[in-house]
Amino acid sequence: MKKRNFVIDRMLYEVISENQLSSFTTIMLRDLYAQRLVTEGASMIPLSKVRLHVYEHLRRMIKAGWAKADIEKKERNQAYHLLELPEHLTLQFVTHNLGGVNVRTPPTCLESSFTGDAARYLSVLHSQLKELELDMLAAMGEVERYKILIKEMPDLTNRLQKPYQSAKEQSSKLVGHFRAVENALVLLQAN
């Protein structure tokens, strides 16, 4: 069989390799990748873009025969298994530019052109974005888990409804905080 290149995001491949993932869910892979993005200084990327980016790679991996869905089909939180890399594939690594933010550019590079208060504000805003993103991941995970619990244990729906609604509200508030800080950062960088 003729060799062909399989283009993959280097950082996503590193996340899979470093965590020795043989089985995973899209959510698990998304969260690990999002955490890595934050570590690399790209905290302004919306989680929805990260999810789509990871899912697109996973879809291509399945099509190429490098991954497969678990036998047990699920509507949400489907499990996948990583297979041996097919012999006909040669990995070609790329650094992706998600949402206009180069995932390999640390915030200090952006801040170096600013001085005084502007540099301090940028630093504070970047720190706040990192914290908010981690809080958002946790809150979204909580909402997701309540949905699963309600589906798996319908007799507890009445008891779980209140904490579920509370988690949804908290998640929405965090998204609002995140957007506000993100907008402030964009406005500051535009000047």
Side-chain angles (χ1 to χ4, degrees), residues 1 3-99 101-106 129-153 160 163-164 167-168 170-172 174-175 178:
M1 189 177 272
K3 285 264 189 193
R4 70 180 178 91
N5 285 342
F6 185 88
V7 178
I8 187 168
D9 179 336
R10 179 181 302 278
M11 198 181 304
L12 182 62
Y13 179 78
E14 289 170 358
V15 165
I16 292 168
S17 299
E18 289 169 9
N19 290 285
Q20 299 176 347
L21 297 179
S22 57
S23 294
F24 52 87
T25 64
T26 311
I27 294 165
M28 179 194 305
L29 192 55
R30 176 205 66 190
D31 290 350
L32 287 169
Y33 185 72
Q35 287 172 354
R36 181 67 177 268
L37 287 171
V38 170
T39 303
E40 294 290 329
S43 58
M44 296 188 305
I45 301 169
L47 203 54
S48 59
K49 278 194 180 185
V50 174
R51 183 185 62 77
L52 289 173
H53 180 71
V54 167
Y55 186 76
E56 177 58 24
H57 272 75
L58 180 56
R59 186 191 62 74
R60 290 177 43 251
M61 289 167 71
I62 291 168
K63 189 176 178 182
W66 189 14
K68 69 174 186 172
D70 191 73
I71 295 168
E72 182 186 344
K73 300 292 181 201
K74 292 184 179 179
E75 194 174 305
R76 291 181 98 17
N77 221 11
Q78 175 66 49
Y80 296 92
H81 302 285
L82 191 64
L83 306 172
E84 289 292 320
L85 182 67
E87 290 181 20
H88 68 279
L89 292 183
T90 303
L91 295 181
Q92 180 181 348
F93 298 103
V94 293
T95 300
H96 278 278
N97 192 351
L98 292 172
V101 179
N102 185 335
V103 297
R104 291 291 187 182
T105 304
L129 275 178
K130 285 179 184 178
E131 288 174 27
L132 285 167
E133 188 157 11
L134 291 174
D135 290 345
M136 275 177 20
L137 286 171
M140 292 168 85
E142 184 179 356
V143 169
E144 214 166 285
R145 180 51 56 187
Y146 277 123
K147 280 185 192 176
I148 292 167
L149 289 171
I150 288 170
K151 189 175 180 180
E152 289 175 349
M153 300 176 235
L160 293 174
Y164 168 66
K168 274 177 66 172
Q170 180 65 20
S171 181
S172 295
L174 285 168
V175 169
F178 185 85

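We're numbering straight along the sequence, starting at 1. Reckoned from all heavy atoms, side chains included, excluding hydrogens, waters and symmetry mates.
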Do other residues, nucleotides or ligands put more than 12 heavy atoms under 6.0 Å from Arg60 CZ? yes

Taking C-beta and beyond as the side chain, do Leu32 and Arg36 meet within less than 4.5 Å on heavy atoms? no

Hey, does Leu21 have a side-chain heavy atom less than 4.5 Å from the side chain of Met28? yes

For Ala167, is there any backbone N or O sitting under 3.5 Å from a side-chain donor or acceptor partner on Ser171? no

How many angstroms lie between atom CD1 of Ile148 and atom CD of Glu144, to the nearest 0.5 angstrom? 5.5 Å

Under 3.5 Å, which donor-acceptor pairs link side chains of residues 63-71 to any protein atom two or more places apart or in another chain?
from: Trp66; atom 1: NE1; to: Leu83; atom 2: O; distance (Å): 3.3
from: Asp70; atom 1: OD1; to: His81; atom 2: NE2; distance (Å): 2.5
from: Asp70; atom 1: OD2; to: Glu72; atom 2: N; distance (Å): 3.0

Please round to the nearest 0.5 Å and tell me the distance separating atom CG of Leu58 and atom OH of Tyr55. 7.0 Å

Calculate, to the nearest 0.5 Å, the distance between atoms CD and OG1 belonging to Gln78 and Thr26 respectively. 8.0 Å

Is it true that the side chains of Asp9 and His57 contain a donor and an acceptor less than 3.5 Å apart? no

Contact check, side chains of Thr90 and Phe6, non-hydrogen atoms, under 4.5 Å: no

Value for OH (Tyr33) from CE (Met11), rounded to nearest 0.5 Å, stands at 5.5 Å

Salt bridge check: are Arg59 and Glu56 linked by an N-O gap of less than 4.0 Å? yes

If you measure from CG on Leu82 to CG on Leu29, what distance do you get to the nearest 0.5 Å? 9.5 Å

Side chains of Tyr80 and Met61: does their closest heavy-atom pair fall under 4.5 Å? no

Tell me whether Glu18 at atom CD has more than 12 heavy atoms from other residues, nucleotides or ligands lying less than 6.0 Å away. yes

Inter- and intrachain pairs under salt bridge (Lys or Arg N to Asp or Glu O under 4.0 Å), touching residues 80-93, at least two apart: none

Would you say Phe93 has more than 12 foreign heavy atoms packed within less than 6.0 Å of its CZ? yes

Interatomic spacing from CG in Leu12 to OG in Ser17 - rounded to 0.5 Å: 9.5 Å

